[in-house]
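Since this is a predicted model, take the numbers as computed values, not measurements.
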Amino acid sequence: VSVYNALIDGFCREKRLQEVFRMLDEMAQRGIDPNAITYSTIINCLSDVGLVELVMAVWGKMFIKGCTPNMYTFSAMMKGFFLKERVSEGVGIWHRMIEEGHVPNVVAYNVLLGGLCRGGNTQKSMDMLDEMEKREIVPNVTTYSVIIDGFAKSGDLVGASQAWNRMVMSGCRPNVVVYTCMVDVLCRNLLFDQAHALIQKMADDKCAPNVITFNTLIRGLCEHGRVDFAVSILDMMENYGCSPDTITYNELANGYVVVGRWEEAFQVLGEMKEREIQMNAVTYNTLLHGCYRMNLLKEALQLVGEMVVRGISPDAFTYNCIIHAYCKLGKVNAAIELAEGGSACGDWKADVFAHTHIILGICDNFGVGDAVSYLQKMIEGGIFPN
RNA sequence: CCUAGCAACAAUCUUACG
């Protein structure tokens, strides 16, 4: 079993699901019973890729085979529901775990708190710290980072600060992740100078900022039109011995797009090539979006061509951006053709975003009546309107 | 009794409408 578990774990890390299930079959053929580790590994993997239905199928099969879930299994299950925002089902797993007499550990709590935060209940997750104390489970730095990130995502600086204080009071030392969450919440409150200062402070705290910390600040600045300030952060990074990565440059390109400075956005692409920073689909999608905003159709087509030549596959963002452009130009039929002719588009299938663009396009060009029938067709096609 | 051995948690980029 351990050998198979190790193999399954390897395939899981590479997201090679067919092989994972092939291993399971092979085990059955050889009469080797999967154990809780096997199921936990698989459920965790499926949860990570968002296949909740499959998760539930494996979970059910585990019971049929007479295998009992342990803490790892329950945590992996919860994570699967939470990542899909199915909070009540995740909490249901939690209660079942308790009922079956398991005493949750820190990791299980961290998963639960993360789920509550995702569901918009960050305050509740903060209150759970009391419950943890009662059960004599000591929150760790991950616990606090989950909560602080929850507050950060809703822009709640007061909440984040309270969680931070509680962390410090409990004697838990912040690490780079927690600091980065604080940088994030400061940025969301437009307190860029404080975010900048915090990065300097963390170094004194024997906690070196990393590329994610800087990217967080750069993203905040770019999002709010402060792209020049963002560019200056590159120097700061250098001082801290931190090299910009693909995401850094993608953010800067987007920063220029946001303020309509498309030439400089393209210069970012040039710089990436010069410095041999790997471009990815996001890089091209960002510029593509910029092109359409600025009505640069020739450049847009060139970009798609360059993308393909470099072996970067267009993804849903790419297709949706093209569909959006077609609709804006009144070429709704071309958009529909692209959405329906998924054959030439690899794995891609039109999603809610694509259909929404088309519906808006139909409204503008053919009237609401046709849009309603299109919506009807979309629903019949299994895509639910949001 | 000792030792070894497989699994679970956190932060950063791009698309519609608002």
Would you classify [X] as touching base, sugar-phosphate or nothing, given that sugar-phosphate means primed atoms plus P, OP1 and OP2, and contacts are heavy atoms under 4.0 Å?
X        : answer
A:Arg293 : nothing
A:Lys153 : sugar-phosphate
A:Asp184 : nothing
A:Asp315 : nothing
A:Val107 : base
A:Thr142 : base
A:Thr286 : sugar-phosphate

Q: Figure out the CH2/C1' separation between A:Trp59 and B:A8, and round it to whole Å.
A: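 A:Trp59 atom CH2 is separated from B:A8 atom C1' by 13 Å.
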Q) How close or far is atom C1' of B:U14 from atom CG of A:Asp351, stated in whole angstroms? A)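 Rounding to the nearest Å, CG of A:Asp351 and C1' of B:U14 are 14 Å apart.
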Q. Under 3.5 Å, side chain of A:Asp364 to main-chain N/O of A:Gly330, donor-acceptor pair present?
A.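 No, the answer is negative, given that no donor and acceptor are paired below the 3.5 Å cut-off.
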Q.
Under a 4.0 Å threshold between the charged nitrogen and the carboxylate oxygen, would A:Asp205 count as salt-bridged to A:Lys201?
A.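 Judged by the 4.0 Å cut-off on N to carboxylate O distance, A:Lys201 and A:Asp205 do not form a salt bridge.
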I'd like to know if [X] reaches the base of [N] with its side chain, counting only an N/O donor and acceptor under 3.5 Å.
X        : N     : value
A:Thr41  : B:A7  : no
A:Asn105 : B:A8  : yes
A:Asn210 : B:A11 : yes
A:Asn70  : B:A8  : no

Q: Mark yes when over 12 heavy atoms from residues, nucleotides or ligands other than A:Lys134 sit less than 6.0 Å from its NZ; otherwise mark no.
A: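 Check fails, neighbour count at 12 or below.
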Q: May I ask whether A:Phe317 stacks on the base of B:U15, given the cut-offs of 5.5 Å between ring centres and 30° between planes?
A: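 Stack criterion not met.
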Distance check: side-chain N/O of [X] vs OP1/OP2 of [N], anything under 4.0 Å?
X        : N     : result
A:Arg188 : B:A11 : no
A:Arg219 : B:U12 : no
A:Lys79  : B:A8  : no

Q. Is there a path of hydrophobic side-chain contacts, each under 4.5 Å between heavy atoms of I, L, V, M, F, W or Y residues, that connects A:Val227 with A:Val282?
A.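 No; A:Val282 is not reachable from A:Val227 via cluster members.
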Below 3.5 Å is the cut-off: list the nitrogen or oxygen pairs between protein and nucleotides 16-18 of chain B, distance only.
from, atom 1, to, atom 2, distance (Å)
B:A16, O4', A:His357, NE2, 2.6

Q: Kindly compute the distance separating CG (A:Asn254) from SG (A:Cys222), expressed to the nearest 0.5 Å.
A: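 Going from the CG atom of A:Asn254 to the SG atom of A:Cys222 covers 7.0 Å.
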Q. A:Leu288 and A:Ala300: which non-hydrogen atoms are nearest, and at how many Å?
A.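 What the structure gives for the nearest pair is CD1-O, 3.5 Å.
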